2 protein chains.
Amino acid sequence: MPKLWNETIEAHRHAVRDAIMETTAALVGEHGLASVKMTQIAEQAGIGRATLYKYFPDVDSILIARHEEHVAAHLAQLAELRDRAGTPEERLHAVLGTYALICHHRARHAGIDVAALVHRGEPFARAEQRLVDLFQEVLGEAAAVGALRADVSPDELALYCLHALSAAGSLPDESAVHRLVTVTLAGLRPAAAPGEPNPAGPADRHRAAHEHQRHARH
Amino acid sequence: MPKLWNETIEAHRHAVRDAIMETTAALVGEHGLASVKMTQIAEQAGIGRATLYKYFPDVDSILIARHEEHVAAHLAQLAELRDRAGTPEERLHAVLGTYALICHHRARHAGIDVAALVHRGEPFARAEQRLVDLFQEVLGEAAAVGALRADVSPDELALYCLHALSAAGSLPDESAVHRLVTVTLAGLRPAAAPGEPNPAGPADRHRAAHEHQRHARH
DNA sequence: CGCTACCGAGACAGAGCGTCTTGGCAGCGA
DNA sequence: TCGCTGCCAAGACGCTCTGTCTCGGTAGCG
């Protein structure tokens, strides 16, 4: 593809790497995940097959690398929302709502291929774990001000959020995604039944405690 | 495997088919999904490779067939719970709780392989659709007696339940699964806030309407 | 101008695949 | 008892894709 090397060799390699990943994603979107071969990718990207093997060992690695870049971008976006100003409830809503929209648009854009690729091997587990950790932090802050139910730990609630919001990929439009976020958040709130134990109040108290948590993170 | 044909030819073929599916599942559990080859399956099952191709065209078909049998069994179990006696809330709780336990045990037993296989192609979409339909029926009955929030339609709530409960596969023990069901159900209940529109009462009224729905199904 | 690093193209052996043929065995009916 | 039919294991065959290697060519750099 790049006949003339762009500035440095480093930049050239990065450009070729990006071209490989983009070409592979296009081929997968066109012909499906199983039928894409290394030969096809090399031809489409305009590089030699041996050169392709110098960048990636197989098709899965290419798509995993592409997926990890997307995950990193989304994670940065969510971390930025997490560190914004506002009450823990507001930031929880922002993080979960944005994640749901990400799921929605990913499903609409990439189809089933990402899900098929992503559910195998350990790279996906790591990406999911980072998401759970991020959710857990926001949930912990919300729990500190009593905005969360106290009978389930934040790590289990984080897992609940992650899976519940993944339903956004099957929803038809963004208003449905918004309703899904509302429903998911409803599952997180303290039990309204009078007999249930609910030690933390619904108001935003413990402000100092959650500020301490936020700053102790970095 | 079966040197002497069992009774009829039909039964023999069924036995061979079962042996193939069981052998394949064992190999996938042992060596992973990607590395299992048709040659290996035929050798392990004690049949010829050409014979294997007379039963299944490829490895995926074998695992999909096995998965569909499991799904059918689980679906029957859930349908039985749906048609049991009791209030719609009780039956909703039973169906969702049982589905969560199924997810939990499946993840514990088969590992990541089922998820990896299951997320590609159209057979999985059909199985998921049948589950959503089943959920939707139980949710519709619960909505008829006012046990559900009225601001989200039962089909969207069914999708929410399906995905939220799939988190049970990542939970460590059954008590955590039970808490997940509690949280998921909390997302389904009518909004407790006084300002929110909540036309249906929390008590079990409209009993006749939901009985009508149940009997109109068959 | 020579050196180095990279690259495209092609060759090569190996693994799997999907099909076909061969020879053999189990059941069934005459 | 003897064919006849259906099924089967084993193996051969051509094919695709893989992963590695070598070759000749070219861009940058000193």
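None of these values were measured; they are calculated from a predicted model. First the proteins, then the strands, lettered A, B, ... as listed; each starts at 1.
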Stepwise side chain to side chain contact (heavy atoms under 4.5 Å, CB included) check, B:Leu96 with B:Leu185: CA-CA 9 Å; B:Leu96 297 191; B:Leu185 281 169; 3.8 Å; yes
Taken to the nearest whole Å, CZ/A:Phe56 to P/D:dG19 is 14 Å
Is there a side-chain contact between A:Leu101 and A:Val181 in this structure, where contact means two heavy atoms from C-beta onward sitting under 4.5 Å apart? no
So, is A:Thr51 near the phosphate of C:dG8, with a side-chain N or O under 4.0 Å from OP1 or OP2? yes
Which distance, rounded to the nearest 0.5 Å, do you find between the CG of B:Leu81 and the CG of B:Leu92? 11.5 Å
Rounded to the nearest Å, what distance is computed from the CD atom of residue B:Glu43 to the C1' atom of nucleotide D:dC8? 16 Å
Can you measure A:Lys54 atom NZ to D:dG19 atom C1' for me and round it to whole angstrom units? 13 Å
Residue whose nearest DNA chain D nucleotide is more 5′ - A:Val36 or A:Ala50: A:Val36
Short heteroatom pairs, N/O only, protein and nucleotides 11-16 of chain C, under 3.5 Å:
residue : atom : partner : partner atom : Å
C:dA11  : N6   : A:Arg49 : NH2          : 3.3

Take atom CD of A:Glu22 as the centre, draw a 6.0 Å sphere, and report whether it contains more than 12 heavy atoms from other residues, nucleotides or ligands. no
Atom-to-atom span, CG of A:Asp58 to P of D:dT20 - whole angstrom: 11 Å
I want to verify a distance call: between D:dC8, C:dG8, C:dC20, whose nearest atom is closest to the A:Ile47 side chain? C:dG8
For B:Ile41 and C:dG18, give me the distance from atom CD1 to atom P, rounded to whole Å. 11 Å
Between C:dA9 atom P and A:Leu52 atom CG, what is the distance in whole Å? 13 Å
Rounding to an integer number of Å, can you tell me how far A:Arg13 CZ sits from C:dC7 C1'? 11 Å
Could you pick out which residue, B:Gly48 or A:Pro57, lies toward the 5' side of DNA chain D when each is mapped onto its nearest nucleotide? B:Gly48
Examine C:dA9: is either OP1 or OP2 under 4.0 Å from a nitrogen or oxygen in the side chain of A:Tyr53? Give yes or no. no
How would you list, by chain and number, every residue that makes a side chain to side chain donor-acceptor pair (under 3.5 Å) with B:Tyr160, sequence neighbours excluded? A:Tyr160
With sequence neighbours excluded, residues passing side chain to side chain donor-acceptor pair (under 3.5 Å) with B:Thr182: none
Between CG of B:Asp60 and P of C:dG18 the distance, given in whole Å, is 11 Å
How long is the gap from CD on A:Glu30 to CD on A:Gln40, to the nearest 0.5 Å? 8.5 Å
Base, sugar-phosphate, or nothing: which does A:Ala42 touch, judged by heavy atoms less than 4.0 Å apart? nothing
